[in-house]
Amino acid sequence: MPTFLLKTEPSEYSFDDLTRDKRAAWTGVSNNTALAHLRAMRKGDEAFIYHTGDEKAIVGLAQVIKSAYQDPEQPGLNPKGEPKFAVVDLKPLRKARTPITLAQIKADKRFAAFPLVTQSRLSVMPVPSDIDTALRTLAGL
DNA sequence: GCCAACGTTGGC
DNA sequence: GCCAACGTTGGC
C-alpha cells in the first residue's frame, strides 16, 4: 500500500484542524501533476501531512477514507471533458511524536531522491517505501 | 505548435 | 520581500 505526502499551509488548514474535524475533504490541489498523484490515492492509503510556510515539517499521518472525486466546489472540466479538479477525503491517524523538518530531510542522504527535495513546489507526491520507513522511524509515526 | 509574458508556490 | 523553479495562457 503506497504512502503519499500532502502539503498544506497551516494557517489555512493544519493537521490540528484535521484532528479537530475528524474528517475533511482535501481541497485546493490545482497543479496537474499533483492532481494525478491525488487521483492515484486509494481508500486505506496513508499520507504524511507536511506544513509549509514557517514550519516546513512533517507533522502527522492521515488516512484516505474516500478516493478521488470531483471537487464539488470547482466543477470545471478540462479540454477532454473530464473533471479538472479532484479532492480526497481524509481522517487523521497520528500526530508525529517528533516533527521532521525540511532541513533535516535535506541534510539526510537517504532522502536525496524524495520529490519533497527535488520538486519543491509539488503539493501531492508518492513516498518511496524506503523513505516511508525512514520517515516513520524518525517521526515516531 | 511555439514561446513570450505572466502567475504561483514556497523556500530563503 | 525576493526570486528560482516551475506551470499556464494566449497571440501568432
Side-chain angles (χ1 to χ4, degrees), chain A residues 1-43 45-141:
Chain A
M1 190 155 55
T3 298
F4 294 82
L5 181 141
L6 300 168
K7 290 185 182 177
T8 183
E9 169 56 48
S11 64
E12 289 174 15
Y13 197 80
S14 69
F15 186 76
D16 286 343
D17 291 332
L18 180 61
T19 301
R20 178 202 61 209
D21 294 344
K22 305 284 201 299
R23 68 177 287 163
W26 199 257
T27 59
V29 178
S30 58
N31 172 281
N32 281 319
T33 306
L35 281 168
H37 293 314
L38 196 76
R39 289 188 169 104
M41 298 176 82
R42 296 288 171 261
K43 184 178 178 180
D45 288 351
E46 295 180 358
F48 293 103
I49 303 299
Y50 174 88
H51 281 177
T52 60
D54 291 340
E55 287 189 48
K56 293 188 282 294
I58 291 171
V59 295
L61 193 67
Q63 187 170 38
V64 178
I65 53 176
K66 186 178 179 184
S67 63
Y69 57 99
Q70 182 171 22
D71 186 347
E73 309 265 301
Q74 298 202 76
L77 301 178
N78 69 16
K80 291 181 188 169
E82 302 154 343
K84 192 164 169 39
F85 300 106
V87 301
V88 297
D89 287 351
L90 297 180
K91 71 172 183 183
L93 284 182
R94 300 182 286 286
K95 190 168 182 167
R97 196 174 331 125
T98 313
I100 312 172
T101 66
L102 179 62
Q104 219 178 324
I105 290 167
K106 283 188 166 175
D108 193 324
K109 282 181 189 157
R110 289 179 294 171
F111 304 134
F114 194 18
L116 189 69
V117 175
T118 60
Q119 262 183 287
S120 69
R121 295 178 316 141
L122 189 61
S123 62
V124 181
M125 67 193 73
V127 180
S129 63
D130 54 334
I131 290 178
D132 182 11
T133 303
L135 289 175
R136 285 172 194 254
T137 302
L138 281 177
L141 276 169

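All figures in this text were calculated on a predicted structure; none of them were measured in a lab.
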>> Among residues at least two apart in sequence or on other chains, which ones pass side chain to side chain donor-acceptor pair (under 3.5 Å) with A/Arg110?
In response: A/Asp108

Considering only distance and modelled atom types, tabulate donor-acceptor pairs under 3.5 Å from the side chains of residues 133-141 of chain A, sequence neighbours left out.
{"from": "A/Thr133", "atom 1": "OG1", "to": "A/Ser129", "atom 2": "O", "distance (Å)": "3.0"}
{"from": "A/Arg136", "atom 1": "NE", "to": "A/Asp132", "atom 2": "OD1", "distance (Å)": "2.6"}
{"from": "A/Arg136", "atom 1": "NH1", "to": "A/Glu46", "atom 2": "OE1", "distance (Å)": "2.9"}
{"from": "A/Arg136", "atom 1": "NH2", "to": "A/Thr3", "atom 2": "OG1", "distance (Å)": "3.3"}
{"from": "A/Arg136", "atom 1": "NH2", "to": "A/Glu46", "atom 2": "OE1", "distance (Å)": "2.9"}
{"from": "A/Thr137", "atom 1": "OG1", "to": "A/Thr133", "atom 2": "O", "distance (Å)": "3.0"}

>> If you assign A/Arg121 and A/Lys106 each to the DNA chain B nucleotide with the nearest heavy atom, which residue ends up on the more 5' nucleotide?
In response: A/Arg121

> Where along residues 27-38 of chain A does a heavy atom come under 4.0 Å from DNA chain B, residue by residue in number order?
Replying inline: none

> Which pairs pass salt bridge (charged side-chain N to carboxylate O under 4.0 Å, His left out) with one or both residues in residues 22-34 of chain A, sequence neighbours excluded?
Replying inline: A/Arg23-A/Asp89

> Residues in side chain to side chain donor-acceptor pair (under 3.5 Å) with A/Gln119, at least two apart?
Replying inline: none

> In chain order, what residues pass the side chain to side chain donor-acceptor pair (under 3.5 Å) check against A/His37, with sequence neighbours excluded?
Replying inline: none

Please report, to 0.1 Å, the donor-acceptor pairs under 3.5 Å made by any side chain of residues 25-33 of chain A, with sequence neighbours excluded.
{"from": "A/Asn31", "atom 1": "OD1", "to": "A/Thr33", "atom 2": "N", "distance (Å)": "2.9"}
{"from": "A/Asn31", "atom 1": "OD1", "to": "A/Ala34", "atom 2": "N", "distance (Å)": "3.0"}

>> One pair to check against side-chain contact (heavy atoms from CB on, under 4.5 Å): A/Ile131 and A/Phe48. What are the steps and the verdict?
In response: CA-CA 12 Å; A/Ile131 290 178; A/Phe48 293 103; over 6 Å; no

> First and last nucleotide of DNA chain C in contact with chain A, 5' to 3', at under 4.0 Å to a heavy atom: what are they?
Replying inline: C/dA5 to C/dT8

>> Could you work out, with side chain to side chain donor-acceptor pair (under 3.5 Å) as the rule, every residue matching A/Lys95, not counting sequence neighbours?
In response: A/Asp16

